[in-house]
There are 2 protein chains.
Amino acid sequence: MERRHTDVPSFGYTGAESHDCRLVSSVLARVGDKWSVLVVMFLADGSKRFNELKRLIGGVSQRMLTLTLRGLERDGLVTRTVTPTIPPRVDYELTELGRSLQKHAVALAGWANENQAAIESARSRFDGEKG
Amino acid sequence: MERRHTDVPSFGYTGAESHDCRLVSSVLARVGDKWSVLVVMFLADGSKRFNELKRLIGGVSQRMLTLTLRGLERDGLVTRTVTPTIPPRVDYELTELGRSLQKHAVALAGWANENQAAIESARSRFDGEKG
DNA sequence: CGGGATCCGGCGCGATACTG
DNA sequence: CAGTATCGCGCCGGATCCCG
């Protein structure tokens, strides 16, 4: 496995708040990479095959899609079902855990929807001030 | 500005679902980097000074903390208040927008808390199966 | 069709030194 | 104290080729 991004800095701080922060951080490291959320969102309405996902997402290399799916499978967020026909068929589906995470992803999507304009205007204002 | 991670693949897909997905993706790209969430969480209970944040977070270089804070400021999630005393004093504080995002971060923290064990066991099971 | 193996450029990010 | 500037490693991730 190549994915080392999940790491969180380790140092001796055991405060309750800090504890929670590490957890969010590790979750976002898991889910915040370039493709994981897109996969989770596209799997919302049922299982999908590999190339089906690839076409839906549209900008992902098969390498990264494979890596992403492996990571999600490893963390128990999706299941991988192989049907040994010819040609082979592999279906990916959200687990219960994956669906529970997806709810939060949808909530974030809603937040992004509502505040996208505010963010973009803040961004161009900031960029404008600084040349 | 070095932060180009916010980019989202651009290609002509205008489906409604896909639309939402890009948004989540861009939000998570913004917030899913190594330090942004930690900063947001530590700013939850009021404004803090630069080195105060640095000490609280504990593993961040001043370079990355500066970059992270600039990014959050750019997107209108935190405010930066300079008090030109000697020595200078700079306070960072969450904006309304930042606090609304922080709620979702807290929700994700809760999710992480509840499902951390499940994820870790799934992970070691997966790793065990594959040597 | 659904991957694995390999090469490699770009940049995320830490370390260090310098400024006001 | 609160940054900015520069250097350099590591690894993310795209392109390409191969396999069952």
Side-chain angles (χ1 to χ4, degrees), chain A residues 1-11 25 28-39 47-74 78-93 130-131, chain B residues 1-11 25 28-39 47-74 78-93 130-131:
Chain A
M1 178 59 66
E2 164 181 330
R3 176 188 301 275
R4 304 294 318 129
H5 186 50
T6 308
D7 290 348
V8 160
S10 61
F11 42 94
S25 189
L28 286 176
R30 166 84 283 276
V31 146
D33 68 6
K34 204 171 178 181
W35 305 109
S36 289
V37 187
L38 292 177
V39 169
S47 77
K48 296 207 164 23
R49 300 181 60 176
F50 185 87
N51 277 342
E52 197 174 355
L53 273 174
K54 189 171 184 321
R55 273 191 306 274
L56 283 172
I57 297 182
V60 64
S61 63
Q62 92 270 44
R63 170 191 152 85
M64 287 318 296
L65 184 53
T66 301
L67 250 37
T68 301
L69 287 167
R70 285 289 180 281
L72 293 172
E73 185 193 2
R74 186 169 106 102
V78 309
T79 58
R80 179 172 180 270
T81 313
V82 181
T83 313
T85 55
I86 297 180
R89 175 192 182 95
V90 182
D91 289 280
Y92 293 92
E93 188 172 11
K130 311 231 161 182
Chain B
M1 177 62 66
E2 162 183 332
R3 178 187 300 273
R4 303 297 318 128
H5 186 48
T6 309
D7 291 346
V8 160
S10 62
F11 41 94
S25 191
L28 285 176
R30 169 82 283 277
V31 145
D33 68 5
K34 204 172 178 181
W35 305 109
S36 289
V37 187
L38 292 178
V39 169
S47 77
K48 295 208 166 22
R49 300 180 61 174
F50 184 87
N51 276 343
E52 197 174 355
L53 273 174
K54 189 171 186 315
R55 273 192 305 275
L56 283 172
I57 297 181
V60 64
S61 63
Q62 87 272 43
R63 170 191 152 85
M64 286 319 295
L65 184 53
T66 300
L67 249 38
T68 301
L69 287 167
R70 285 290 180 281
L72 293 173
E73 184 193 4
R74 186 169 106 101
V78 308
T79 57
R80 177 172 181 270
T81 313
V82 182
T83 313
T85 55
I86 296 180
R89 175 193 181 96
V90 181
D91 289 279
Y92 294 92
E93 188 171 12
K130 312 232 162 181

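Residue numbers start from 1 in every chain, and the chains themselves are labelled A, B, ... in the order their sequence lines are given, proteins ahead of strands. Side-chain atoms are counted along with the backbone in the values below, which use heavy atoms only and exclude waters and symmetry mates. None of the values given here were measured: they were computed from a predicted structure.
Between A/Leu67 atom CG and D/dG14 atom P there is a gap of 10 Å when expressed in whole angstrom units. Counting to the nearest Å, the P atom of C/dG4 and the NZ atom of A/Lys54 are 15 Å from each other. Spacing between atom CZ of B/Arg55 and atom C1' of D/dC1 amounts to 10 Å, rounded to whole angstrom units. What separates CG of B/Asp91 from C1' of D/dA2 is a distance of 12 Å, to the nearest Å. Going from atom CD of A/Glu52 over to atom P of C/dG2 covers 9 Å, rounded to whole Å. Remark: C1' of D/dG13 and CG of A/Asp33 are 11 Å apart, rounded to the nearest angstrom. One interatomic measurement links the two molecules: CE of A/Met64 to P of D/dC12, which rounds to 8 Å at whole-angstrom precision. Taking atom CD1 of A/Ile57 as the reference point, atom P of D/dG13 lies 13 Å away to the nearest angstrom.
Checking C/dG2, C/dG4, D/dC1 against the side-chain heavy atoms of A/Pro88 singles out C/dG2 as nearest. The side chain of A/Gln62 lies closest to C/dG4, out of D/dG20, C/dG4, D/dC1. Closest approach to the A/Pro87 side chain among C/dG14, C/dC1, D/dA2 is made by C/dC1 (side chain taken as heavy atoms from C-beta onward). Set against D/dA2, D/dT4, C/dG3, the side chain of B/Arg70 has D/dT4 as its closest nucleotide.
Phosphate proximity of C/dG14 to B/Lys34: present, with a side-chain N or O under 4.0 Å from OP1 or OP2. In this model, the phosphate group of D/dA2 is not approached by any side-chain N or O of B/Arg80 to a distance below 4.0 Å at OP1 or OP2. B/Arg63 has no side-chain polar atom (N or O) that falls below the 4.0 Å cut-off from OP1 or OP2 of C/dT16. Dashed line: the shortest gap from a side-chain N or O of A/Tyr92 to OP1 or OP2 of C/dG3 is under 4.0 Å.
Here the CG atom belonging to B/Leu67 is positioned 13.5 Å from the NZ atom belonging to B/Lys34, to the nearest 0.5 angstrom.
Residues A/Val37 and A/Val31 approach most closely at CG2-O, 2.8 Å, considering heavy atoms.
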